[in-house]
Peer 1: 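Have a look at this one before I ask anything.
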Amino acid sequence: MSRIPTGWKTRRNAELGLLAFAMVIVAVFGATVEANQFGEIRMTAWIPAALVGILFLGLHVVVRYTAPFADPVLLPAVALINGIGVAFLRRLDLARAIAQKQPEPGIFAGTGGRQLAWTLASLILAAVLLLLIRDHKIVSRYAYTLGLVGIVLVMLPAVLPPSISEVNGARLWIRFGSFSIQPGEFAKLALVSFFAYYLVRKREVLSLASRRFLGIDFPRGRDLGPVVTVWLLSLLVLVFEKDLGTALLYFGLFVVTLYVATERASWLIIGLLLFFGGVYVAYLLGASVGGPFANFYDRAEVWLDPFALENYERESGSSYQLVQGLLGLGTGGLFGAGPGAGSPGKVPEVRTDFIFAGLGEEIGLFGLAALLVLYLLIVERGLRAALAVRDSFGKLVAGGLAFTLGLQVFVILGGITGLIPLTGQTTPFLSAGGSSLMANWLLIAMLLRISDAARQPVTGAGPERPGPKKAPTQLHGAMTEVIKP
């Protein structure tokens with residue numbers, strides 16, 4: 001680590017200590033599951049936690065040598081969530097084996113074993129990204145290619161036959177036999193990079209105001225083209241992929257990145273009006289026309305009154321799943337039944353969409369609040385990296401990635417708790433699934449890379465990079481950069 005000047009602290013030992021503490025919590029969770037399921041804590045209870053700890057220790061070593069100034073909180077916080085996800089999925093496997101009087105699944109068998117394997121693959125991808133991309137600004141060279149790739153990945157499930165792309169009414173997947181992938185998870189990473197590069201180049205034009213209304217500067221009509229285009233693409237996702245969460249994720253990502261780049265609150269107002277107006281029109285068309293709008297109308301009806309008998313017995317889009325999830329959350333109360341002592345298997349899709357509801361039954365409101373604080377901490381650290389990094393592209397990428405993670409958590413929890421209609425999104429780092437886990441670990445690796453650039457000393461922090469000299473970052477409500485003439 002020759003690029004570390006004398007006297008500068010990298011905080012890697014603090015990261016290692018936090019990582020060890022996180023793995024202790026995961027081990028205690030797994031041991032409690034064993035105690036409640038079998039009445040004793042066996043030696044096999046410690047094996048999954050030990051394996052997960054070894055995997056995260058390996059990534060810590062990579063971070064120590066490739067991004068020594070990276071934020072020391074990001075990796076331990078994500079590792080704790082990921083470890084609890086693996087332990088809970090293992091708990092579901094054990095409960096199913098006991099209920100069906102089958103042999104106990106091996107460490108690498110069942111959903112928990114597959115999630116452990118996906119964790120290994122995800123950490124390898126994150127390490128490869130950190131090894132290959134030593135400067136986040138390199139990504140901007142491929143911005144337009146990434147934008148095209150992102151659009152193709154988003155739209156691909158919509159043009160494929162429903163037999164290989166549709167799960168629970170939403171067309172978000174590509175399935176080949178027992179293997180499936182959700183391309184939209186990777187699309188968000190590509191689109192963040194494209195949006196950031198585009199908005200850095202067009203920021204001055206999009207910041208121009210035509211008129212002022214109620215103290216807010218609104219943009220010129222001719223500058224609305226990018227927002228309208230992304231809005232139309234989001235509505236296409238809503239109609240043809242039948243998923244509100246994915247549409248909201250992509251459109252919200254663009255609008256928030258646009259706001260960060262221009263500091264114009266009017267873009268947020270315009271974005272909200274466009275999105276909710278489009279959703280309401282889609283709901284009316286679903287009630288009157290049906291066709292591609294019918295699925296969204298059914299989900300909206302279930303959301304409006306999940307306990308209505310006609311919604312509970314609906315053939316397509318039944319509210320049974322939502323009701324069971326709400327009952328599970330209510331059963332958990334403040335402290336929960338304890339890991340391994342509840343009945344989360346009664347909630348459909350508890351391994352994927354409704355894992356938060358299953359966890360809520362066993363760790364209660366306080367436990368769920370602790371998990372939400374962890375997510376909030378990850379988002380806050382991502383935004384802190386965006387504030388501190390010295391280039392506009394890095395600011396928008398880090399801000400966009402942090403917002404994407406936060407919005408994804410809001411979308412899935414909003415659907416589970418009845419705040420918004422159900423979506424096909426998975427809870428980051430908790431839910432079973434390889435594509436979501438790999439994409440989100442790549443997101444964290446990019447945040448680690450940007451936070452390393454933000455926290456490293458200005459002088460002596462590596463080779464000189466060509467380009468204009470930059471003045472210190474100035475913050476005026478949003479993240480911008482002042483470049484000397």
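This chain uses plain numbering: 1 for the first residue, then up along the sequence. Worth saying up front: this structure is predicted, and the values here are computed from it rather than measured.
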Peer 1: Got a second to check how far Leu430's CG is from Gln115's CD, nearest 0.5 Å?
Peer 2: 9.0 Å
Peer 1: Determine, stepwise, if the pair Leu253 / Leu407 fulfils side chain to side chain contact (heavy atoms under 4.5 Å, CB included).
Peer 2: CA-CA 8 Å; Leu253 169 62; Leu407 183 59; 5.7 Å; no
Peer 1: Report the C-alpha distance between Val154 and Leu191 in whole Å, list the side-chain angles of each, state the deciding distance to 0.1 Å, and finish with yes or no for side chain to side chain contact (heavy atoms under 4.5 Å, CB included).
Peer 2: CA-CA 10 Å; Val154 170; Leu191 290 176; 4.1 Å; yes
Peer 1: Less than 4.5 Å apart, any side-chain heavy atom of Pro72 and any of Arg12?
Peer 2: yes
Peer 1: Please answer whether the main-chain N or O of Thr426 pairs with a side-chain N or O of Gln408 as donor and acceptor at a distance below 3.5 Å.
Peer 2: yes
Peer 1: Please report, to 0.1 Å, the donor-acceptor pairs under 3.5 Å made by any side chain of residues 437-445, with sequence neighbours excluded.
Peer 2:
{"from": "Asn440", "atom 1": "OD1", "to": "Lys188", "atom 2": "NZ", "distance (Å)": "3.0"}
{"from": "Asn440", "atom 1": "ND2", "to": "Ser436", "atom 2": "O", "distance (Å)": "2.9"}
{"from": "Asn440", "atom 1": "ND2", "to": "Ser436", "atom 2": "OG", "distance (Å)": "3.3"}
{"from": "Trp441", "atom 1": "NE1", "to": "Asn82", "atom 2": "OD1", "distance (Å)": "2.9"}

Peer 1: Under a 4.5 Å cut-off applied to non-hydrogen side-chain atoms, are Leu75 and Leu18 in contact?
Peer 2: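 Sidechains of Leu18 and Leu75: no contact.
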Peer 1: For the pair Ser435 (side chain) and Ile181 (backbone), establish whether a donor and an acceptor sit closer than 3.5 Å, ignoring hydrogens and angles.
Peer 2: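 Answer holds: no.
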Peer 1: When you measure from the side chain of Glu361 to the backbone N and O of Ser343, does any donor-acceptor pair fall under 3.5 Å?
Peer 2: yes
Peer 1: In sequence, state the C-alpha distance, the side-chain angles, and the governing distance for Asp452 and Leu448, and then conclude on side chain to side chain contact (heavy atoms under 4.5 Å, CB included).
Peer 2: CA-CA 6 Å; Asp452 174 64; Leu448 288 170; over 6 Å; no
Peer 1: Does the side chain of Asp391 come under 3.5 Å of the side chain of His136 through a donor N or O and an acceptor N or O?
Peer 2: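 Yes, because at least one side-chain N or O of Asp391 sits under 3.5 Å from a partner of the opposite role on His136.
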Peer 1: Taking the side chain as C-beta and beyond, is there a heavy-atom pair between Val63 and Glu15 under 4.5 Å?
Peer 2: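 Yes, close enough: below the 4.5 Å cut-off.
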Peer 1: What I'd like to find out is whether the side chain of Pro344 reaches to under 4.5 Å of the side chain of Leu359, using heavy atoms alone.
Peer 2: no
Peer 1: Looking at Ala87 and Phe29, what are the two nearest heavy atoms and their distance?
Peer 2: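 Ala87 and Phe29 have their closest heavy atoms at CB-CD2, 3.6 Å.
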Peer 1: Decide yes or no for Tyr142 and Ser193: does some side-chain heavy atom of the first lie under 4.5 Å from some side-chain heavy atom of the second?
Peer 2: no
Peer 1: Search all heavy atoms of Met23 against all heavy atoms of Leu80 and return the closest pair with its distance.
Peer 2: CE-N, 4.5 Å
Peer 1: Counting N and O atoms only, with roles assigned by atom type, does the side chain of Ser165 sit under 3.5 Å from a partner on the main chain of Pro157, one being a donor and the other an acceptor?
Peer 2: yes
Peer 1: Leu396 pairs by side-chain contact (heavy atoms from CB on, under 4.5 Å) with which of Leu258, Val260, Val192?
Peer 2: Val260
Peer 1: Aromatic rings Phe275 and Phe251: how do their planes relate, parallel, tilted or perpendicular, breaks at 30° and 60°?
Peer 2: parallel
Peer 1: For the atom pair CG (Leu156) and CD1 (Ile151), what is the distance rounded to the nearest 0.5 Å?
Peer 2: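 Atom-to-atom, Leu156:CG and Ile151:CD1 are 13.0 Å apart.
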Peer 1: Please assess Arg90 against Glu34 for the test salt bridge (Lys or Arg N to Asp or Glu O under 4.0 Å), listing each intermediate value before the final yes or no.
Peer 2: CA-CA 10 Å; Arg90 167 76 177 170; Glu34 290 264 340; 5.0 Å; no
Peer 1: Measure across Leu329 and Phe356 and return the closest heavy-atom pair with its distance rounded to 0.1 Å.
Peer 2: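 Minimum heavy-atom contact is CD2-O, 4.0 Å.
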Peer 1: Please report the shortest heavy-atom distance between Leu249 and Thr404, naming the atom on each side.
Peer 2: CD1-O, 3.8 Å
Peer 1: For the atom pair CG (Leu244) and CG (Leu422), what is the distance rounded to the nearest 0.5 Å?
Peer 2: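 Nearest 0.5 Å value for the CG-CG distance: 10.0 Å.
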Peer 1: Please confirm whether Arg42 makes a cation-pi placement over Phe38, using NZ or CZ under 6.0 Å from the six-membered ring centre and within 45° of the ring normal.
Peer 2: yes
Peer 1: For the CG atom of Asp93 and the CD1 atom of Ile98, what is their distance to the nearest 0.5 Å?
Peer 2: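 Output value for this atom pair is 11.0 Å.
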Peer 1: Whether the side chain of Tyr250 engages the backbone of Gly184 through a donor-acceptor N/O pair (distance < 3.5 Å, no angle test) should be reported.
Peer 2: yes
Peer 1: Give me the atom names and distance for the closest heavy-atom approach of Pro105 to Leu94.
Peer 2: CD-CD2, 4.2 Å
Peer 1: Does atom CZ of Arg175 have more than 12 heavy-atom neighbours, drawn from other residues, nucleotides or ligands, at distances under 6.0 Å?
Peer 2: yes
Peer 1: Walk me through it: do Tyr144 and Tyr197 pass the test ring-ring contact (aromatic ring centres under 6.0 Å, His included)?
Peer 2: CA-CA 8 Å; Tyr144 288 106; Tyr197 180 78; 5.6 Å; yes
Peer 1: Determine whether a donor-acceptor pair (N or O, by modelled atom type, separation under 3.5 Å) exists between the side chain of Arg449 and the backbone of Ile133.
Peer 2: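 Checked: pair present.
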Peer 1: Less than 4.5 Å apart, side chain to side chain, heavy atoms only: is that true for Lys395 and Thr257?
Peer 2: no
Peer 1: Going by atom type alone, with no hydrogens or angles, which donor-acceptor pairs under 3.5 Å involve a side-chain atom of residues 381-389 and a protein atom two or more places apart or on another chain?
Peer 2:
{"from": "Arg381", "atom 1": "NH1", "to": "Asp71", "atom 2": "OD1", "distance (Å)": "3.4"}
{"from": "Arg381", "atom 1": "NH1", "to": "Asp71", "atom 2": "OD2", "distance (Å)": "3.2"}
{"from": "Arg384", "atom 1": "NE", "to": "Glu380", "atom 2": "OE2", "distance (Å)": "3.3"}
{"from": "Arg384", "atom 1": "NH2", "to": "Glu380", "atom 2": "OE2", "distance (Å)": "3.1"}

Peer 1: Could you go step by step and tell me if Leu51 and Leu116 meet the side chain to side chain contact (heavy atoms under 4.5 Å, CB included) rule?
Peer 2: CA-CA 8 Å; Leu51 292 175; Leu116 186 60; 3.9 Å; yes
Peer 1: Taking C-beta and beyond as the side chain, do Tyr259 and Arg264 meet within less than 4.5 Å on heavy atoms?
Peer 2: no
Peer 1: Return the minimal non-hydrogen interatomic distance between Pro457 and Phe69, and the atom names on each side.
Peer 2: CD-CZ, 3.5 Å
Peer 1: Determine whether Met155 and Val237 make a side-chain contact, defined as any pair of heavy atoms from C-beta on separated by less than 4.5 Å.
Peer 2: yes
Peer 1: Tabulate below the donor-acceptor pairs under 3.5 Å that side-chain atoms of residues 362-379 make, not counting sequence neighbours, or state none.
Peer 2:
{"from": "Glu362", "atom 1": "OE1", "to": "Arg91", "atom 2": "NE", "distance (Å)": "3.2"}
{"from": "Glu362", "atom 1": "OE1", "to": "Gly340", "atom 2": "N", "distance (Å)": "3.0"}
{"from": "Glu362", "atom 1": "OE2", "to": "Arg91", "atom 2": "NE", "distance (Å)": "2.8"}
{"from": "Glu362", "atom 1": "OE2", "to": "Arg91", "atom 2": "NH2", "distance (Å)": "2.7"}
{"from": "Glu362", "atom 1": "OE2", "to": "Gly340", "atom 2": "N", "distance (Å)": "3.4"}
{"from": "Glu362", "atom 1": "OE2", "to": "Gly342", "atom 2": "N", "distance (Å)": "3.0"}
{"from": "Tyr375", "atom 1": "OH", "to": "Pro428", "atom 2": "O", "distance (Å)": "2.4"}

Peer 1: Look up atom CZ in Phe254 and atom OG in Ser234, then write down how far apart they are to the nearest 0.5 Å.
Peer 2: 10.0 Å
Peer 1: Rounded to the nearest 0.5 Å, how far apart are CD of Glu104 and OG1 of Thr44?
Peer 2: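 Answer for the CD-OG1 pair, Glu104 versus Thr44, is 5.5 Å.
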